[in-house]
Amino acid sequence: MTPIDLRSDTVTRPTAPMRKAMAEAEVGDDVYGEDPTVNRLEARAAEILGMEAALFVPSGTMGNAIAIRILTRRGDEVLVERRSHVVRYELSGMSVLSGVMPRMADAPGGHLTPEHVRAAVAPRAYYKSDVSLVVLENTHNLGGGTVQGVEEVQGVVAAARECGFRVHVDGARIWNAAVALGVPPKALVKGVDTVMACLSKGLCAPVGSILAASRERIEEARGARKLLGGGMRQAGILAAAGLVALDTLVARLADDHANARVLAEALGRGKGVRVAPVETNIVVAGLEGRTAPDVVASLRERGVLASAMDARTLRVVTHHDVSLDDCARAATAIEQVLG
Ligand SMILES: Cc1ncc(COP(=O)(O)O)c(C=O)c1O
């Protein structure tokens, strides 16, 4: 039997309408700005995110790298939450590609507050480096898919402005945050400098993310994308999938959130397991008894794939390609393994 794959929402496959749209996509050379489908996707994404312009990039990692590159100068520091994706899973990208250093802050659910921002200001001295950029992650992956609300984001943006910092949102799952809150995605990025949003996670597109910002910043980002080797040619084949993703697959994320709660309840019944309240499609559980790799191995034997984020942290993620039924079966396996 095919395993129930809860390792990540990146494992989804393109849907049938997506494959059709990809096959029929009108294309051109996007390095010349001549791919009509890429242009449509960028315009649509900019509109949804409430920004002047957007750029289609091959991955979320590249979108974050470009944002950090265009919003900082070499030698700057970037204020980030300690478990954020940009520092945990994108190598030392910001240091290697932009010559900047992370300044780590701890936040229980992963979300930086105005206090974190203000605490990053220090009296100027010639021997000190300064923070120039704040990176938020919404939803926060390792925080457990936690959502940062509209007012919380606005508080951080206001504090960042007071301190003269720029703001980038790693919104790989901004769609999940918006659906969970019942607000349009643009409400969650109002006033920020740049936002990266992924099409290839819960939204099923095979490849691609969006970087959205002002027109001027996106022009700069286009150069940075080329520098990093991300200038694509007939990328309309991929952008066509992104358009189907944005237009038809966002609202259904609510199902993934409901399915995640089924898994969280099963995990919560396990001995020595701590599960944070589930807000979206990611469930992160702290284990006291067995190690996470050990639990992952036992679940695999029962046809359920999960992730060990570290020795004591287990993660399961719901998505388009796992049904409520699959999650109920996975919940039974979880109870058998942890019960
Ligand atoms: C929060 C977050 N940001 C960025 C990324 C990077 O996206 P990609 O895998 O497309 O490079 C991920 C990937 O899972 C993510 O979870």
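Whatever order the structure lists them in is the order used to number ligands and atoms, beginning at 1.
- A donor-acceptor contact shorter than 3.5 Å links the side chain of Asp170 to the backbone of Ala172.
- Looking only at distances, a side-chain donor or acceptor of Asp193 sits under 3.5 Å from a matching main-chain atom of Val167.
- The list of ring-ring contact (aromatic ring centres under 6.0 Å, His included) pairs with a residue in residues 45-90, not counting sequence neighbours, reads His85-Tyr89.
- Applying the side-chain hydrogen bond (donor to acceptor under 3.5 Å, both in side chains) test to Asp29 and every residue at least two apart in sequence or in another chain returns Arg233.
- With Asp9 as the fixed residue, the side chain to side chain donor-acceptor pair (under 3.5 Å) test singles out one of His319, Arg173, Lys201: Arg173.
- Listed by first then second residue, pairs satisfying side chain to side chain donor-acceptor pair (under 3.5 Å) with a partner in residues 235-248 read Arg44-Asp247, not counting sequence neighbours.
- Protein residues having a heavy atom under 4.0 Å from any atom of ligand 1 are Ser59, Gly60, Thr61, Asn64, His85, Glu90, Glu137, Asn141, Asp170, Ala172, Arg173, Met196, Lys201, listed by chain and number.
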